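Some notes on the structure that comes next.
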Protein chains: 2
Amino acid sequence: MRISSRCEYGLRAMVYLAGHDAGRPVPLSEIAAAESIPAPFLERILAKLREAGLVKATRGVSGGYRLTQAAADVHVGEVVTALEGPLSLVGCVPDRGACKRAESCASRIVWRRLDNAITGALNSITLEDLTKEAVTP
Amino acid sequence: MRISSRCEYGLRAMVYLAGHDAGRPVPLSEIAAAESIPAPFLERILAKLREAGLVKATRGVSGGYRLTQAAADVHVGEVVTALEGPLSLVGCVPDRGACKRAESCASRIVWRRLDNAITGALNSITLEDLTKEAVTP
DNA sequence: ATAATGCCGACTGTATTGGTTGGGATTACT
DNA sequence: AGTAATCCCAACCAATACAGTCGGCATTAT
C-alpha cells in the first residue's frame, strides 16, 4: 500500500507542465532535469499520461509536452488513476461480484469508506491549486 | 496501490474474532473455514497480528486466538498498519528528510491530504462497529 | 542534412505477493 | 503415558510488479 515512484514522478511532471506553460511545448529533458527524474523512465510515464489524454506531445525539434486541458480542469485523481490504475484499493468495492461474500462482508464497509476518502481527497485538488500552493494541508 | 489479500484476510479474521468471543479461544482452523482463507496463510497473518499485540494465542488442545482488547477499542487502522506497514503512502510525508525537495514540493500537499484522509477513514471505525454493521457507508 | 525531439519494444535486477511444506513445541484429555 | 489438537517457525516457491535501462526508429525546425 504505497504510491509508486512512477506516480510521484508523474504528478511532479504534471505540476511542472502546469506551471511552465508559456505557449511552447516543454521538452522531456527539461522536466527530467528540473525534477530530477531519470529521463528514460519519465518518458514511459509521459507515454501513459498521453494515452490517458492528459498531455499531448509534439515531435521534432523544439517539440515537447503540454497539458491538453487548463490546469484548473485537471484533478489530481485523474493523474493518479492514469498512472496507478483505479483508485479502489479492494476489488469488491467497484465490482460487487468480485467476492461471493460481498453482501454479508462487514469489512467491505471499511473499504468503501476508504475508497470515498481517497477519491474525495484526490479529486478535491487540481493542478492549478498545486501551482498556486494555495491548498490548506 | 492496492490493499493486499493479507490485509483483507487479516481484517476479516479480526472481525470474526470480535464477533465470536464467547470466553473461549477460537482455533485458526475455524476462522479459516468460516472465512475461506487458506489456513497456512492465515497462520502467518495471525502471527503478525500477534506480534503487533492485537491478538493472543493459547496453544494446545482447545487453544486458539482471542483479541487482546475489547472490540470497541481496536481501530481498523491498527489492524491495517500491523499488516500493511505504515499508512503513509509516500515516504516524504512522515519523514520530511526523505526527499531533498520536500520543502518546495507542491505534490507533497497532495500526499499529506491523502494521508489524512486515509488515516481518518480507517481510525474512525472500530471492530465493534463492524460486528454491529452500524456504520454508514 | 542535421540535430533535437518524441515513440516504442525488449531487457534486467530486485522486491513483494500469495502462498505451501515440513517439522517442531504445548497442552487437554484419556 | 499416549494421543490428538492446536500454535510456532523457518524455509521454500512461482508469479507479478517495480524501477529503471538500452537501442533504434519516426518526425520536424532550421
Side-chain angles (χ1 to χ4, degrees), chain A residues 1-13 17 23-68 80 83-86 89-91 98-99, chain B residues 1-13 17 23-68 80 83-86 89-91 98-99:
Chain A
M1 188 174 166
R2 202 74 201 246
I3 292 286
S4 60
S5 310
R6 186 170 67 238
C7 190
E8 291 186 50
Y9 289 160
L11 181 58
R12 295 226 305 263
L17 284 179
R24 72 182 206 299
V26 181
L28 186 146
S29 55
E30 180 183 330
I31 310 175
E35 293 289 333
S36 323
I37 302 171
F41 192 26
L42 178 56
E43 189 179 310
R44 308 211 13 207
I45 294 168
L46 284 169
K48 283 206 151 200
L49 293 171
R50 186 171 42 81
E51 286 162 27
L54 292 172
V55 301
K56 67 184 168 207
T58 58
R59 308 166 73 151
V61 174
S62 82
Y65 293 87
R66 306 180 62 183
L67 298 183
T68 53
V80 174
L83 296 171
E84 203 83 2
L89 299 193
V90 170
C99 174
Chain B
M1 187 175 169
R2 200 80 200 246
I3 292 285
S4 60
S5 310
R6 186 171 68 238
C7 189
E8 291 186 50
Y9 289 160
L11 181 58
R12 295 227 304 265
L17 284 180
R24 72 185 204 297
V26 182
L28 187 146
S29 55
E30 180 183 331
I31 310 176
E35 293 289 333
S36 322
I37 302 172
F41 192 27
L42 179 57
E43 188 180 311
R44 306 211 15 206
I45 294 168
L46 284 170
K48 283 205 151 200
L49 293 171
R50 184 171 43 80
E51 287 162 27
L54 292 171
V55 301
K56 66 184 168 206
T58 58
R59 307 165 74 149
V61 173
S62 82
Y65 292 88
R66 306 180 62 182
L67 298 182
T68 52
V80 174
L83 296 171
E84 202 83 3
L89 299 193
V90 170
C99 174

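Just so it is clear, the structure is predicted and the values come from calculations on it, not from any experiment. Sequence lines set the chain letters: A, B, ... in the order given, protein chains first and strands last, and positions in each chain run from 1. No hydrogens, no waters, no symmetry mates; every other heavy atom, side chains included, goes into these values.
- Across every non-hydrogen atom of B:Leu42 and B:Ala13, the tightest pair is CD1-CB, 4.0 Å.
- The two residues A:Val80 and B:Met1 have their closest heavy-atom pair at CG1-SD, 4.4 Å.
- Heavy atoms only, all atoms of each residue included: B:Gly23 and B:Arg66 are closest at O-NH1, 3.4 Å.
- If you measure from atom CD1 of B:Ile3 to atom C1' of D:dA17, you get 17 Å, rounded to the nearest angstrom.
- If you check D:dT21, D:dC9, C:dC8 against the side chain of B:Arg50, the one that comes closest is D:dC9.
- A sub-4.0 Å separation between OP1 or OP2 of D:dC8 and a side-chain N or O of B:Tyr65 is present.
- Look at A:Tyr9 and you won't find any side-chain N or O under 4.0 angstrom from OP1 or OP2 of D:dA19.
- B:Glu8 places its CD atom 15 Å from the C1' atom of C:dG19, with the value rounded to the nearest Å.
- Distances were taken from every side-chain heavy atom of B:Ser29 (C-beta onward) to each of D:dA26, D:dT21, D:dT6; the shortest belongs to D:dT6.
- Mapping A:Pro40 and B:Ala47 onto DNA chain D by nearest heavy atom places B:Ala47 at the nucleotide closer to the 5' end.
- Rounded to an integer number of Å, the gap from B:Ile45 CD1 to D:dC9 P is 16 Å.
- Scanning all heavy atoms of the two residues, the minimum distance from B:Arg12 to B:Glu35 falls at NH2-O, 2.6 Å.
- As a whole-Å value, the separation of A:Leu46 CG from D:dA19 P is 16 Å.
- A close approach under 4.0 Å does not occur between any side-chain nitrogen or oxygen of A:Ser4 and OP1 or OP2 of D:dC18.
- Test A:Leu83, A:Leu46, A:Leu49, A:Leu67 against A:Leu54 for side chain to side chain contact (heavy atoms under 4.5 Å, CB included) and you get one pass: A:Leu49.
- Closest contact between the side chain of A:Ser5 and the listed nucleotides C:dC7, C:dG18, D:dA19 involves D:dA19.
- Note on B:Leu28: only backbone sugar-phosphate atoms sit closer than 4.0 angstrom, heavy atoms only; bases stay farther off.
- The nucleotide whose nearest atom lies closest to any side-chain atom of A:Pro27 is, among C:dT5, C:dT20, D:dA4, C:dT5.
- As rounded to whole Å, 10 Å separates atom P of C:dT16 from atom CZ of A:Arg2.
- Atom C1' of nucleotide D:dC7 and atom CD of B:Glu30 are separated by 15 Å, given to the nearest angstrom.
- With rounding to whole Å, A:Arg12 atom CZ is found 13 Å from D:dA19 atom P.
- The base of C:dG18 is not paired with the side chain of B:Arg44 by any donor and acceptor separated by under 3.5 Å.
- Judged by distance alone, with hydrogens and angles left aside, the side-chain atoms of B:Arg50 form no donor-acceptor pair with the main-chain N or O of B:Ala57 at under 3.5 Å.
- One donor-acceptor pair, N or O on each side, does fall under 3.5 Å between the base of C:dC8 and the side chain of A:Glu43.
- Rounded to an integer number of Å, the gap from CD of B:Glu51 to C1' of D:dC7 is 14 Å.
- Residue A:Phe41 is the one, among A:Phe41 and A:Ser62, whose nearest nucleotide of DNA chain D lies closer to the 5' end (criterion: closest heavy atom).
- Between B:Arg6 and C:dT17, a side-chain N or O to OP1/OP2 separation shorter than 4.0 Å is present.
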